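Encoded as structure tokens, the structure appears first; notes follow it.
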Number of protein chains: 2
Amino acid sequence: MTAPAHGQEVVPKFRGPATTAPLGVELSERETPVHPDTRRRAPAAHVTLDAVAREAGVSLATASRALNGTTRVRDDLRGRVRAAADLLGYIPNAHAQALASAEGNRTVGLICHDVGDPYFAGIASGVMRAAAEQDLLVMLASTFREPAREIAYVSMLRAQRARAILLIGSGFQDRAWERGMDTELEPYVRAGGRVAVVSRHRSMRVDTVQPENRAGAAALAASLVELGHRDFAVLSGPPELTTVADRLAGFREGLAAAGITLRRVVRGAFTREGGHAAARQLLATGGARPTCVFAVTDVMAVGALAALREAGVRVPEDMSLAGFDDIPVVREVSPPLTTVALPLTEMGEQVIALALRTPSGAGRSRVLRIEGNVVLRGSTGAPPGS
Amino acid sequence: MTAPAHGQEVVPKFRGPATTAPLGVELSERETPVHPDTRRRAPAAHVTLDAVAREAGVSLATASRALNGTTRVRDDLRGRVRAAADLLGYIPNAHAQALASAEGNRTVGLICHDVGDPYFAGIASGVMRAAAEQDLLVMLASTFREPAREIAYVSMLRAQRARAILLIGSGFQDRAWERGMDTELEPYVRAGGRVAVVSRHRSMRVDTVQPENRAGAAALAASLVELGHRDFAVLSGPPELTTVADRLAGFREGLAAAGITLRRVVRGAFTREGGHAAARQLLATGGARPTCVFAVTDVMAVGALAALREAGVRVPEDMSLAGFDDIPVVREVSPPLTTVALPLTEMGEQVIALALRTPSGAGRSRVLRIEGNVVLRGSTGAPPGS
DNA sequence: GCGCTTTCAGAAAGCGCTTTCTGGTAAGGT
DNA sequence: ACCTTACCAGAAAGCGCTTTCTGAAAGCGC
């Protein structure tokens, strides 16, 4: 038995089929004895502060103060309240707290395309870390790139009275979406809600963490030109996303600075498969092949790399390939991908910090520009025959 | 200029340094004109239902009914209420709603280690998709593998009165943690809260989506033995995680069935770097090298692959390598990794479905067993010299 | 035309908390 | 011994909704 060829998968015959379809079959129930320690006093539905106060023999108000410690409470009373709360297993009702106090709740909303995408996962990870430090809970909403869903989620997060709403990778060039967002966000901000965005927004009302997509792509183009390339193609994504438009425009600018015109742009979905398909399409067309290909995201670049490999195109000997973002996977592929590195985790930390900062005053918003670093790796080299 | 060697990174000199440190420098403010459309009537703080009712000339109760549509309301009144709500930009207060209604809120809690980890990201993605379909908001909490933090988050989610609490990759073999979880979860479940877990739990009180780690690892071992290997090493993770313990035990069993004893176990952190370090450590030790290495997770396997490459060990010619989970990246590396595939997204969908299902009755809990599929890819082959 | 049911709007009672406001008690000043 | 401060516990008023309960008006059969 030899190793399967690259890309080929072998499922050994002695294993059953994937269990992914009739999962219900595997469902089983089991008896669970009650842990003796846990029995204590059985709360009917939810233990209320009122019950705690009664148990401790104090008033409702005292119980509240004893547990939150805003005002002074005599030590013995505080002790009694704490003990009663422990005994009864009291858990405050966050809704009631949020409603009664001016403080509001300790949650922030995070809207992104899909946590399964490494770009968002990276940013989200940074947001989570910062949130954890401040004891904030993050309400996550995945839009799957539907502008309408995004607006609906903003509305839901408004209803939840989130302290801040974070939008990652938002930014459609879509009139209806812009209007919708404006009407959602404007009253929210006015009512003290904070909003911060990763990506360029035409609406200038909110704080923004803005990767320098344009400059980064231009710098990448310059680097690639310096390697000797003259003949480029771009694997692009949906043009209604500002990220895509900016990177494409920046790349064109970078080339133009060297007097080079971009030969081909192939559009694909914003996914690995999109990059794969776009690369295949590029190869399928006749004519001289470009010596260097720029995929507007690393996710697409990874797909493109696979397509090139499958087509027998050697990277970088036959063709150079570069991406954008520097998601972790690009260091693992062979050859590792040249890309424009963005500090994803930090962008996540920054966007929540920006949102939570004191409001910037009426009509003002802050822009935090994040510069990308061109990182040359093994996927780019001199053009063939040079 | 030639292509940099594999793994080497070159930052072109004409780019500035990484902007990751003094980000504040890039902060700028800008004036933002108010969109004329958005001006409408400016709500002072928050528009309440009371204001809507007054605007529509109906009572508070009628306004509530008109918007929620539980009871019949005359069409003209309903129209007036809707119009008033639109005009004022009314957004219901979810806290007040949750407090007043028996329904509670539409949120579920999701506790995981780190969304940046592709294993969790995959599962979380499935959870998000299912949640979106049911108009549920997901409150995400990252524990960064601290048992104490995990317990604290359960408490916070209880306070938020989440409909369900989902624990992914939980399952420590830790007495204090078990007790803590039990005392948190038990009253929660009793009060109607749902809990579901991905991973094995000793506490049998909650519904579980349980990957067959043991059987999967055993099957993998059998496959590798069939390839001709006799001499194995395992790159293991923290033994207090049940996932690690089960996979290690299963692998041993699979070998034992063929009369083979596991030669070496190297322990590492549950990360790419952990896998990298463990692999280096394995190579550093003298004596005969194993012909096949099993890393207990794909994340570690990816790190190990890099370490092997750096050490000049060819995979699979000199040494075979296998992982577990089938995270997306393992298909992109060269050679692609043999692994035990788990349907991550689906596991996410199942765990939330399980939690939201009607309660299984007192003292009963369900177990959904997820079988893993051994997938042989290019990283495993016949042992050298066979 | 009278009493019946039916339909639907409004009043009001909470949901579980925070937070003022009030008042009682002990400590301190003269 | 009397009055002032300080301190701190309790009563009560909401926070913004849902949901019973009540009652007015309308529809119907006789």
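In this text, all values refer to a predicted model and were calculated from it rather than measured experimentally. So that the names make sense, note that chain A is the first sequence line, chain B the second, and so on, each numbered from 1.
- The ring pair (Phe, Tyr, Trp, His ring centres under 6.0 Å) search around A:Phe120 returns A:His113, not counting sequence neighbours.
- Residue A:Gln160 contributes atom CD, which lies 21 Å from atom P of D:dC15 at whole-angstrom precision.
- Under the rule for a side chain to side chain contact (heavy atoms under 4.5 Å, CB included), B:Ala152 has no partner lying at least two apart in sequence or in another chain.
- Partners of B:Arg74 according to the salt bridge (charged side-chain N to carboxylate O under 4.0 Å, His left out) rule, which considers only residues two or more places apart in sequence or in another chain, are B:Asp76.
- The separation between A:Leu49 atom CG and C:dT19 atom C1' is 13 Å, rounded to whole Å.
- Residues that satisfy the side chain to side chain contact (heavy atoms under 4.5 Å, CB included) test with A:Val189, not counting sequence neighbours, are A:Val195.
- The separation between B:Asp50 atom CG and D:dT18 atom P is 13 Å, rounded to whole Å.
- As a whole-Å value, the separation of A:Arg161 CZ from D:dG16 P is 8 Å.
- Among pairs with a residue in residues 123-149 of chain B, those fulfilling side-chain hydrogen bond (donor to acceptor under 3.5 Å, both in side chains) read A:Asp114-B:Ser125, at least two apart in sequence or across chains.
- Whole-Å rounding puts the A:Asn105 CG to C:dG16 P distance at 19 Å.
- Under the 3.5 Å distance criterion, the side-chain polar atoms of A:Arg106 are left unmatched by any main-chain donor or acceptor of A:Leu136.
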> Tell me, for nucleotides 7-13 of chain C in 5' to 3' order, what letter each nucleotide earns: B for a base near a protein heavy atom under 4.0 Å, S for only sugar-phosphate near one, - for neither?
Replying inline: -SBBB--
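- Within residues 92-100 of chain B, the residues having any heavy atom under 4.0 Å from DNA chain D are, by residue number, B:Pro92, B:Asn93, B:Ala96, B:Gln97, B:Ala100.
- Counting any heavy atom pair closer than 4.0 Å across all strands shown, A:Thr48 reaches sugar-phosphate atoms only and no base atom.
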Check: residues 87-95 of chain B side-chain donor-acceptor pairs under 3.5 Å, at least two apart:
from    : atom 1 : to       : atom 2 : distance (Å)
B:Asn93 : OD1    : B:His95  : N      : 2.8
B:Asn93 : OD1    : B:Ala96  : N      : 3.2
B:His95 : ND1    : A:His95  : ND1    : 2.9
B:His95 : NE2    : A:Asn105 : ND2    : 2.7
B:His95 : NE2    : A:Gln160 : O      : 3.0

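- Qualifying salt bridge (charged side-chain N to carboxylate O under 4.0 Å, His left out) partners for A:Arg158, counting only residues two or more places apart in sequence or in other chains: A:Glu184.
- Atom OG1 of A:Thr62 sits about 6.5 Å away from atom CG of A:Leu77, to the nearest 0.5 Å.
- Here B:Ser64 does not reach the OP1 or OP2 of D:dC17: none of its side-chain N or O atoms lies under 4.0 Å away.
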> Which dot-bracket string fits DNA chain D when only Watson-Crick or G-U wobble pairs with both atom distances under 3.5 Å count, crossing pairs get [ ], and | stands for a partner on a different strand?
Replying inline: ||||||||||||||||||||||||||||||
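- Remark: A:Ser101 pairs with A:Glu103 by the side chain to side chain contact (heavy atoms under 4.5 Å, CB included) rule, at least two apart or across chains.
- With sequence neighbours excluded, the residues satisfying salt bridge (charged side-chain N to carboxylate O under 4.0 Å, His left out) with B:Arg54 are B:Asp50.
- For B:Glu103 and D:dT19, the CD to P distance is 8 Å, given to the nearest whole Å.
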